[in-house]
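What follows is a set of notes on a single structure, which appears directly below.
Naming: A, B, ... by sequence-line order, numbering from 1 per chain.
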Amino acid sequence: MSVRNEELAALFEEFAALLEAQDVEYKPRAYRQAAENIRSHPEPVADLARRGGTDAVKEVNRVGDAIASKVVEYVETGEIEELEELRAELPVDMAALTSVEGVGPKTVGTLYYELGVRTLDDLEAAARAEEIREVPGFGAKTEENILANLDFARQSNERQLLSRARPLADEIQRHFADVAAVGRSEVAGSLRRWKPTIGDVDLLVASDDPEAVVEAFTGWEDADAVIEAGPTKASVRSAGIRVDLRVVAPEEFGAALQHFTGSRDHNISVRDRAIERGLKVNEYGVFDVSDVDDPDAGQRVGERLACETEADVYAAIDLPLVPPELREDRGEVEAAAEDRLPDLIEESDVRGDLHVHTTWSDGRYSVREMVEAAEERGYDYVNVSDHATGPGMVGGVGLSDDELEEQLAEVREVGDDADIEVFAGVEANVGEDGSVSVGDALLEQLDCVVASPHSALDGDGTERLVRAAEHPEVDVIGHPTGRMLNQRSGLDIDVSTVATAAAEANTALEINASPSRLDLSGGAVKLAIEQGATVVVDTDAHSPSNFDLIRYGVHTARRGWAEVGDVLNAWETDDVRAFLER
DNA sequence: GCCGTTTTCGGCCCGACTGTTTTCAGTCG
């Protein structure tokens, strides 16, 4: 069983917290940044360690000799000696304890040394016994807050899917629409960057009367609890999701939006570039501090160059506007500086969907209904791709070759009546050995064959997907890793290897737009495109309303730097047909 | 611990809020 990036990231986050608890400076930040970059690395870092040792692991941004050798040590031995030593000195359940709102590494350290608190249960017992308020630097209020936040920490440490967070953000914005003090309001943070899962919802509001906005926010009917509320900033919990509000002056909205959209690492790159130019960037604007003795003397020191719009902020450091989806410190600042940012695909560029189900398998609408829905959306083409029977298909969902043959007749008939191109397809299963679960004779009759892994979804899937991609009748590899967000991480794949094979075989790699999948991920899409592969954004629709999920897929494609030319279903019908026939 | 068109040594993003304090540490984003 291979080591997952998530597991490595958690280790280094624990490392960072243990160091921070002991008042170590700077190292915690280095460990946290490394952890974050390992987590979001599109390929298993453990594989890098096995294949190329520390030098290969150092390819990960912000990972140097020391952390790389710890990765190798962990992959080889299952342990990191230094981490074990730190754990021995501070034997606490760091991840659980710091998941309590308001409890950080320093607090964990103090409560362990003063009261012997090691677990959430210890923490609750100490709070109930009113022991925490006796510790120097703590008081009754802190103790109450810990008790109030304990239950929430116990029940939920999952990140939220976009499909929950987006509608919640929309809901608050509707609430704000009736508040006179609210000027412009925008979603910021990871939600605006369309990360597949988000920790909280960040909202930014422009107003000359911030306190009225905070009041309207904390008084929002769906706010279950107020976490904090100051003059310009407040946080509430709603439906188990933390929502952070920040209110800024209208003339500083652009600088604030840039700041609160992040990512943290992107902003560090932006600030580094500003520092090179004698400038300072913060949430209030870009300032020329070259003639200022102490640039850190206040929030608005020096001559302000920009702040009204995000474009002004980037222009002040000689960059074009960087789209939010690219702001992950994956080379976008360098690309912007060299004027080679991609011309990203947009939702309106999508011309069809190549992965759609009907009542023939587990869809809830007929072939005709799904085709009509695609027509109504203004699509030029749609591929009917019901499940074939095979590995991973349970409960009689998948169709036999004979049944597929029957369905083919119906799809052709509907296609004859339709104003759009109707491709006859299938979603076949990729077996553990990379074989495809439908007979070649039938595959040859079909226009567009999607092949997806549905079983044995762990371990290394590279060879398996390469073999499927090289099958002459396969046109699309559906949800390549089979991951389900928050549930299973799916196959480990060497994206470059799979993408290279797919590019040579004229097989497209799917970006499955279902919010619980988003598979491939944005990082993997970027790698795939760099290898020359074509991607396709599909909704895997089981009903007409599912076609709306396309936006999650398009934004994932944008996170992968995809342009129209990279995305099969942004092409015209004839070009798609030509690709499928190759 | 990481990193380099100011550096291989000496810096490290930066500000709001809270609770505990008489000026600040910890947490969070």
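- With a 6.0 Å radius and a threshold of 12 heavy atoms from other residues, nucleotides or ligands, A:E347 has its CD atom above the threshold.
- Atom P of B:dC12 sits at a distance of 16 Å from the matching atom of B:dT6, rounded to the whole Å.
- The nearest whole Å value for the distance from the CG atom in A:N267 to the P atom in B:dC12 is 17 Å.
- Two residues are said to be in side-chain contact when any heavy atoms from C-beta on lie closer than 4.5 Å; A:R273 and A:D318 meet this criterion.
- Counting any heavy atom pair closer than 4.0 Å across all strands shown, A:R133 reaches no nucleic acid atom.
- Considering A:K195, A:R558, A:R559 in turn, A:R559 is the only one that fulfils the salt bridge (charged side-chain N to carboxylate O under 4.0 Å, His left out) rule with A:E328.
- In this structure, the CZ atom of A:R273 is 16 Å from the C1' atom of B:dT6, given to the nearest Å.
- Spacing between B:dG4 and B:dC14 at atom C1', rounded to whole Å, works out to 22 Å.
- Both A:V281 and A:V100 lie close to DNA chain B; mapped to their nearest nucleotides by heavy-atom distance, the more 5′-ward contact belongs to A:V281.
- Taking atom CD1 on A:I268 and atom P on B:dC12, their separation rounds to 12 Å, with Å as the unit.
- Distance A:L257 CG to B:dG29 C1': 15 Å, rounded to the nearest Å.
- In terms of position on DNA chain B, the residue among A:G64 and A:E283 whose nearest nucleotide sits closer to the 5' end is A:G64.
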(request) Test A:D222 against A:S238 for side chain to side chain donor-acceptor pair (under 3.5 Å), laying out the working first. (result) CA-CA 6 Å; A:D222 288 345; A:S238 175; 5.4 Å; no

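- Comparing B:dC3, B:dG29, B:dC14 by their nearest atom to the side chain of A:R242 picks out B:dG29.
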(request) Please test A:R192 against A:E310 for salt bridge (charged side-chain N to carboxylate O under 4.0 Å, His left out), starting from the C-alpha separation and ending with a verdict. (result) CA-CA 14 Å; A:R192 183 162 181 250; A:E310 278 195 315; 2.8 Å; yes

Could you pull out every donor-acceptor pair under 3.5 Å between side chains of residues 116-128 of chain A and any protein atom, sequence neighbours left out?
| from | atom 1 | to | atom 2 | distance (Å) |
| --- | --- | --- | --- | --- |
| A:R118 | NE | A:P91 | O | 3.1 |
| A:T119 | OG1 | A:D121 | N | 3.3 |
| A:T119 | OG1 | A:D122 | N | 3.1 |
| A:T119 | OG1 | A:D122 | OD1 | 3.4 |
| A:T119 | OG1 | A:D122 | OD2 | 3.4 |
| A:D121 | OD1 | A:R154 | NH2 | 2.8 |
| A:D122 | OD2 | A:R118 | N | 2.9 |
| A:D122 | OD2 | A:T119 | N | 3.2 |
| A:E124 | OE1 | A:R154 | NH1 | 3.0 |
| A:E124 | OE1 | A:R154 | NH2 | 3.0 |
| A:E124 | OE2 | A:R128 | NE | 3.1 |
| A:E124 | OE2 | A:R128 | NH2 | 2.8 |

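- Salt bridge present: A:R133 and A:E130 bring a charged side-chain N and a carboxylate O closer than 4.0 Å.
- With respect to A:R62 and A:D329, no salt bridge is recorded, no charged nitrogen being found less than 4.0 Å from a carboxylate O.
- For the C1' atoms, the distance from B:dG1 to B:dT5 is 24 Å, rounded to whole Å.
- Put simply, the side chain of A:L191 reaches to within 4.5 Å of the side chain of A:L162, judged on heavy atoms.
- Shown for residues 12-42 of chain A: residues whose heavy atoms fall under 4.0 angstrom of DNA chain B, namely A:Y26, A:K27, A:R29, A:A30, A:Y31.
- No option in A:R327, A:Q258, A:E283, A:H259 other than A:Q258 meets the side-chain hydrogen bond (donor to acceptor under 3.5 Å, both in side chains) test with A:N267.
- Looking at heavy atoms from C-beta onward, A:D265 lies in side-chain contact with A:N37 at the 4.5 angstrom threshold.
- For the pair A:D265 CG and B:dC13 P, the computed distance is 10 Å after rounding to whole Å.
- There is no side-chain donor-acceptor pair under 3.5 Å between A:N61 and A:Q33.
- Side-chain N/O atoms of A:Y284 include none lying less than 4.0 angstrom from OP1 or OP2 on B:dC13.
- The pair A:R246-A:D244 does not count as a salt bridge, with every side-chain nitrogen at least 4.0 angstrom from each carboxylate oxygen.
- The same atom, P, is picked in B:dG26 and in B:dT21; the two are 13 Å apart, to the nearest Å.
- No engagement by A:V248 is indicated, since no non-hydrogen atom pair under 4.0 Å with the nucleic acid exists.
- Salt bridge status for A:R32 with A:E36: absent, with no side-chain N to carboxylate O gap under 4.0 Å.
- Across all strands shown, B:dT8 has no partner, as no Watson-Crick or G-U wobble contact with both distances under 3.5 Å is found.
- Rounded to whole angstrom, the span from the CZ atom of A:F287 across to the P atom of B:dC13 amounts to 18 Å.
- For the pair A:L18/A:L83, a side-chain contact is recorded, criterion being any heavy-atom separation below 4.5 Å from C-beta on.
- Residues from residues 192-226 of chain A with heavy atoms under 4.0 angstrom of DNA chain B, sorted by number: A:D200, A:D202.
- Within a 6.0 Å radius of CD in A:E211, no more than 12 heavy atoms belonging to other residues, nucleotides or ligands are found.
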Where do N or O atoms of nucleotides 17-19 of chain B meet protein N or O atoms at under 3.5 Å, pair by pair?
| from | atom 1 | to | atom 2 | distance (Å) |
| --- | --- | --- | --- | --- |
| B:dC17 | OP1 | A:P231 | N | 3.4 |
| B:dC17 | OP1 | A:T232 | N | 3.0 |
| B:dC17 | OP1 | A:T232 | OG1 | 3.1 |
| B:dC17 | OP1 | A:K233 | N | 3.2 |
| B:dT18 | OP1 | A:A229 | N | 2.9 |
| B:dT18 | OP1 | A:A229 | O | 3.1 |
| B:dG19 | OP1 | A:N145 | ND2 | 3.1 |
| B:dG19 | O3' | A:T142 | OG1 | 2.9 |

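- Taking atom P in both B:dT23 and B:dC28, one finds a spacing of 25 Å when rounded to whole Å.
- Among the atoms of the strands shown, only primed sugar atoms or phosphate atoms (P, OP1, OP2) are found under 4.0 Å from some heavy atom of A:V63.
- In this structure, CZ of A:F260 is placed 17 Å from P of B:dC13, rounded to the nearest angstrom.
- Residues from residues 121-129 of chain A lying near DNA chain B, meaning a heavy-atom separation below 4.0 Å, are absent.
- Note: CZ (A:R62) to C1' (B:dG11) measures 12 Å, nearest angstrom.
- The pair A:E171-A:R174 meets the salt-bridge criterion, since a charged nitrogen lies less than 4.0 angstrom from a carboxylate oxygen.
- The phosphate of B:dC14 has neither OP1 nor OP2 within less than 4.0 Å of any side-chain N or O from A:N282.
- Rounded to whole Å, the separation between the P atoms of B:dG11 and B:dA16 comes to 26 Å.
- Taking atom C1' on both B:dG10 and B:dC17, the two are 32 Å apart, rounded to the nearest angstrom.
- Dashed line: the shortest gap from a side-chain N or O of A:K58 to OP1 or OP2 of B:dC2 is not under 4.0 Å.
- Taking the six-membered ring where the residue is Trp, A:Y31 and A:F12 present parallel rings, their angle staying beneath 30° rather than reaching 60°.
- The stretch residues 101-116 of chain A comes close to DNA chain B through A:E101, A:G102, A:V103, A:G104, A:P105, A:K106, A:T107, each having a heavy atom under 4.0 Å from the strand.
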